[in-house]
Amino acid sequence: MAELEENADDVFELDRIRRLIDLMKEHDLGEIDLRQAGQRIRLRRGSAPTSPPTGTQPGLPLSAAAPPMRETVPTSGAGGAAAGGAAANPVEDERHVVYIKSPMIGTFYSRPNPNAEPYVRVGDHIDEATTVCIIEAMKVFNEIPAEIGGRVIAILVGDEEPVDFGRPLFKVDTRK
Amino acid sequence: MAELEENADDVFELDRIRRLIDLMKEHDLGEIDLRQAGQRIRLRRGSAPTSPPTGTQPGLPLSAAAPPMRETVPTSGAGGAAAGGAAANPVEDERHVVYIKSPMIGTFYSRPNPNAEPYVRVGDHIDEATTVCIIEAMKVFNEIPAEIGGRVIAILVGDEEPVDFGRPLFKVDTRK
Amino acid sequence: MYKRILIANRGEIALRIIRACRELGIETVAIYSDADRGSAYLELADETYCVGPAKSALSYLRIDRVISAAEVGNVEAIHPGYGFLAENAHFNEICRSCRIDFIGPSPQAMQQLGDKNTARGIARAAGVPVVPGSDGLVANESEALEFAREIGYPVLIKATAGGGGKGMRTANDDQALKTAFAQAQTEAKAAFGNAGVYLEKLIERPRHIEVQILADAHGNAVHLWERDCSTQRRHQKLIEESPAPNLPEDRRRAICEAAVRLVQSAGYTNAGTVEFILDQNHNFYFIEVNARIQVEHPVTEMVTGVDLIKAQIAIAAGEPLPFRQADIACRGAAIECRINAEDPEHNFRPSPGKIDQLLVPGGPGVRFDSHAHPGYVVPQHYDSMIGKLIVHKATRAEAIQAMMCALDELRIRGVETTAPFHRRILASQAFREGRMDTKLVERTRFD
Amino acid sequence: MYKRILIANRGEIALRIIRACRELGIETVAIYSDADRGSAYLELADETYCVGPAKSALSYLRIDRVISAAEVGNVEAIHPGYGFLAENAHFNEICRSCRIDFIGPSPQAMQQLGDKNTARGIARAAGVPVVPGSDGLVANESEALEFAREIGYPVLIKATAGGGGKGMRTANDDQALKTAFAQAQTEAKAAFGNAGVYLEKLIERPRHIEVQILADAHGNAVHLWERDCSTQRRHQKLIEESPAPNLPEDRRRAICEAAVRLVQSAGYTNAGTVEFILDQNHNFYFIEVNARIQVEHPVTEMVTGVDLIKAQIAIAAGEPLPFRQADIACRGAAIECRINAEDPEHNFRPSPGKIDQLLVPGGPGVRFDSHAHPGYVVPQHYDSMIGKLIVHKATRAEAIQAMMCALDELRIRGVETTAPFHRRILASQAFREGRMDTKLVERTRFD
């Protein structure tokens with residue numbers, strides 16, 4: 001949203017509208033309606049308006065525009081792994097949930113050896129230094145540190161499953 | 001953005017509206033509704049304006065919504081002639097303006113012979129049977145009847161100019 | 001050479017001709033109907049004129065409108081493409097009477113070969129085999145028996161006024177012929193009020209083999225080898241290829257030479273296709289001449305390296321052929337699949353509409369002749385072909401494999417296409433072994 | 001033959017290799033970086049793995065990541081394409097130590113030919129001319145004069161530690177050499193702290209001619225004729241063609257045969273390119289061997305009909321070459337233009353971004369090798385090539401004409417491309433007459 005606020009005092013700023021439209025298309029929004037201190041931008045996609053707009057409602061929250069920014073985090077096959085970069089999920093009600101992603105391509109191991117206990121289980125509390133798994137690449141067994149602290153709420157890949165760069169491995173609740 | 005700021009206090013600034021319309025067409029938007037400090041631009045696509053929006057401020061003309069619905073009638077080169085079919089222009093405030101279009105490809109002649117007067121001039125009143133021009137095709141000189149009645153308000157092609165099927169020839173005001 | 005020609009066609013063949021003209025430095029005038037207004041390929045023409053509404057009877061088929069466009073556009077020649085006015089001898093004649101060259105054969109040659117009996121006569125005179133038949137009504141049973149014994153069984157009995165299979169019977173021996181002859185006469189009488197029937201040799205499981213020819217105005221004629229177009233569905237060609245598989249080399253030469261003899265006898269010029277049917281013993285019989293460029297011409301271009309559209313234009317402009325027969329080699333194998341906007345899962349019903357996505361295959365030897373592009377709307381008014389996928393490889397087996405890959409790679413969203421159906425045919429044992437005949441597709445379930 | 005290979009590359013060459021594998025029935029594992037995630041060509045691979053972030057040093061160039069992907073993907077061989085790890089002998093060796101075939105020459109051959117001095121030695125031993133040079137430092141002026149008289153003027157004086165033109169001088173006669181020698185030494189000393197210089201014959205207005213070779217593991221080596229890549233801008237090839245224009249047939253055969261002798265002496269296998277410079281008297285001098293498939297390989301494919309990628313794979317799998325030298329004809333003329341997302345109006349600055357519209361030319365002999373499609377975003381992280389437009393016609397003049405038409409027809413919106421610049425070069429008298437040298441583009445203003 002940061003770039004949208006650059007020219008916040010001019011609702012007619014075309015680039016912003018274009019970006020809003022991109023947002024709408026990308027997220028299949030039917031309508032965008034932004035108002036602020038007498039300003040308003042309202043965009044609606046598709047054809048027939050259902051009900052006529054009923055005038056400006058003061059105090060309508062701008063965060064209505066937030067859902068389209070939700071980062072999609074597929075947990076399916078290796079080829080469809082989520083985009084790399086920031087691990088944090090910016091969705092308001094899940095802002096405390098982050099993903100530990102694979103830093104390399106290789107084979108995932110949840111435990112140091114077949115007879116050992118897993119490094120972590122769902123429900124475990126981890127800190128930045130906790131080893132969460134091993135990824136084997138080129139016969140090298142790389143211990144992977146969590147790099148974030150919190151509680152493990154899901155393990156997203158199976159033992160000995162191939163994982164590639166950026167593949168989400170663990171879902172972590174970072175609330176204390 | 002420069003050209004937008006030149007007329008930033010004019011919601012009717014055509015270039016801006018044109019670009020908004022482009023955006024709407026390109027992205028299949030149904031409506032754009034922009035307001036600022038008593039100003040508002042609201043554009044809505046699709047034919048059926050259901051009921052007037054209740055939020056309309058008095059004195060704000062709805063005709064700002066007209067441009068996207070206006071049928072574009074290029075009068076330029078033969079290759080870019082307007083779509084055929086209904087000759088009537090559906091725009092509300094120009095519903096009385098219709099175009100006489102060429103029924104065939106050929107060469108346009110405004111008069112029966114080089115020494116004669118033109119069949120019609122701007123300002124002339126015509127009826128359905130009035131011959132408005134000749135179109136020569138394959139050495140045949142075809143007299144073209146108006147097929148509508150009214151007052152000629154523009155002649156859109158020059159003498160001996162090639163015209164193709166559907167090319168607008170005359171602009172006619174059909175009000176009595 | 002011409003400075004400026006008009007293209008009296010639309011779609012992929014219009015684009016094909018525009019491209020050839022651009023490469024030759026010839027200006028083009030394109031015509032279009034309301035339904036084709038704004039098509040991207042029109043932008044490649046130097047001038048464009050709308051000749052009428054979507055319905056082709058009111059636009060592309062209107063001779064006066066097309067000629068008028070040619071006059072307005074001030075062209076020296078018209079290329080008719082295929083379909084529409086391409087084999088209309090009257091249009092051909094009008095062009096010439098307006099001092100506009102028709103890029104194709106003379107109206108006379110077109111008319112002669114357009115008449116089946118005249119064409120058969122020309123073929124016979126040129127020593128080209130035709131399907132043996134009675135060439136006239138068979139008066140009675142004994143005449144029928146005599147004739148059947150002469151041409152050999154099986155035979156086909158056809159009503160002279162016939163159509164749609166009415167009054168048509170086959171017979172494998174004398175006894176069957178006696179019954180069938182009476183039945184056919186009765187049925188013909190009932191259906192058409194005319195009991196007249198004639199006899200023809202029945203060709204079982206025929207293959208459709210056609211020979212591409214080029215003939216100039218200076219008496220030179222060559223063939224550019226054959227195409228096998230046996231893979232058809234309800235007389236619509238689906239897959240064409242060159243060379244024909246499983247055709248012994250001596251038969252191949254014989255059929256190609258026969259085609260050249262025929263067009264030379266007929267005084268035919270420009271590009272043309274001589275169609276034959278081939279029986280299972282490789283006997284060939286002349287059927288007809290297609291006096292135009294054909295949809296499937298690219299397979300011949302791929303194996304011979306000759307640009308047939310450019311050749312057509314040069315011939316019409318009076319140039320002699322730039323090669324002799326010995327110069328024309330047939331290299332490798334080429335296959336073409338017609339990609340139609342039809343739904344093979346629903347009895348090939350047309351599937352017009354907007355193409356949302358189009359990803360085209362490519363790489364060495366892969367050619368896609370198409371006027372379609374993402375955002376293109378396939379109109380409902382014309383034939384449903386949206387492109388021709390052509391593959392040229394060293395061997396037929398490689399070409400089949402590459403064509404399957406290309407079909408897999410071709411991604412068209414927004415309309416249904418015949419691509420998956422082609423894929424299944426190509427994967428079939430019968431096709432891979434080159435055992436096609438014109439009824440293969442109809443009697444086979446491809447999985 | 002292999003069942004499954006990994007493609008250690010991206011973009012058009014990855015797509016090219018995937019297509020070849022699909023036609024061969026080989027499964028493919030593709031790797032990609034974050035920047036290439038979701039690219040359409042990846043969908044044609046059987047498996048895909050992300051190997052790192054956009055930066056190639058952290059993804060496509062990371063040997064451990066690529067090998068790891070090969071292990072995870074369980075492949076038998078890796079095709080490196082061009083660029084990235086293609087000529088990395090270390091990577092080559094690691095592949096083999098991991099029991100994965102590297103589709104290319106042996107690490108030894110790669111290393112030998114990668115070292116300029118060793119390569120020169122091999123060339124000399126094979127009777128292949130090299131640019132005459134001192135092959136070592138020139139101690140003083142009199143040694144320089146002696147050597148210059150021996151190889152003939154003009155000569156080039158180069159700093160042994162040099163680069164970027166520093167310490168480089170030309171001389172046309174003894175007098176000039178005396179001055180230049182001193183200047184070069186002084187400049188080299190100042191710039192690199194090393195006054196050592198060597199002498200080389202200066203080739204004026206050189207042409208870049210390269211020979212495509214294929215060599216199998218059974219001792220068979222053939223050339224696939226030459227390519228002329230003289231049309232360059234700042235050492236970046238812009239236009240490549242085959243055959244080279246204005247090259248007498250005897251010189252052509254000599255240069256091609258020299259290339260084969262060289263690779264055979266080096267024990268080189270797989271596909272490779274032997275680069276020569278050609279002076280204005282058609283004397284040729286060996287420069288280096290490119291131990292990989294090259295960007296411009298399609299022009300050779302067009303004129304010879306040989307699929308070089310498939311040949312590479314077959315050779316790596318141990319198959320003997322399926323043809324002999326005499327089987328490889330060069331037919332017609334092919335030209336390739338590299339279509340880069342660069343703005344020729346602004347000093348060829350990169351123009352990454354989203355391709356909004358892409359209309360691709362077509363028709364007989366037109367090939368467009370590209371991974372781009374409407375909606376494709378050209379990433380800023382890699383080289384700017386978005387496609388290669390290749391045209392194959394009967395003659396060079398026809399190929400030039402067709403290429404100009406194809407460039408006109410190519411419509412790319414959203415990014416700037418080099419297509420208009422290519423168009424201007426092709427239209428120039430110098431190019432049309434085949435009078436290119438490697439500096440033509442830089443010294444010419446194309447209008």
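Protein chains get the first letters and strands the later ones, always in sequence-line order, with residue 1 at the start of each. These numbers come from a predicted model, not from an experiment.
In this structure, Gln429(C) places its CD atom where only 12 or fewer heavy-atom neighbours from other residues, nucleotides or ligands lie under 6.0 Å away.
Close approach to chain C, defined as a heavy atom under 4.5 Å from one of its heavy atoms, is seen in Arg331(D) of residues 321-338 of chain D, taken by number. Proximity to chain C at a heavy-atom threshold of 4.5 Å picks out Gln401(D), Ala402(D), Cys405(D), Asp408(D) from residues 394-408 of chain D, in numerical order. Contacts between residues 8-15 of chain D and chain C, counted as heavy-atom pairs separated by less than 4.5 Å, involve Leu15(D). Proximity to chain D among residues 16-26 of chain C is limited to Arg16(C), Arg19(C), Arg22(C), Glu23(C), Gly25(C), judged by heavy-atom separations below 4.5 angstrom.
Shown here for Leu359(C) and Ala40(D), the closest heavy-atom pair between the two residues is CD1-CB, 4.0 Å. Between Arg367(C) and Gly363(D), the shortest heavy-atom distance links the atoms NE-C, 3.7 Å.
In this structure, chain C has a heavy atom under 4.5 Å from the side chain of Pro374(D), while its backbone stays farther away. With a 4.5 angstrom heavy-atom cutoff, Val306(D) does not touch chain C via any of its atoms. Neither the backbone nor the side chain of Lys388(D) comes within contact range of chain C; no heavy atom of the residue lies under 4.5 Å from a heavy atom of that chain.
Heavy-atom pairs under 4.5 Å with chain D were tallied for Gln357(C), His373(C), Glu301(C), Glu409(C); the largest tally goes to Glu409(C).
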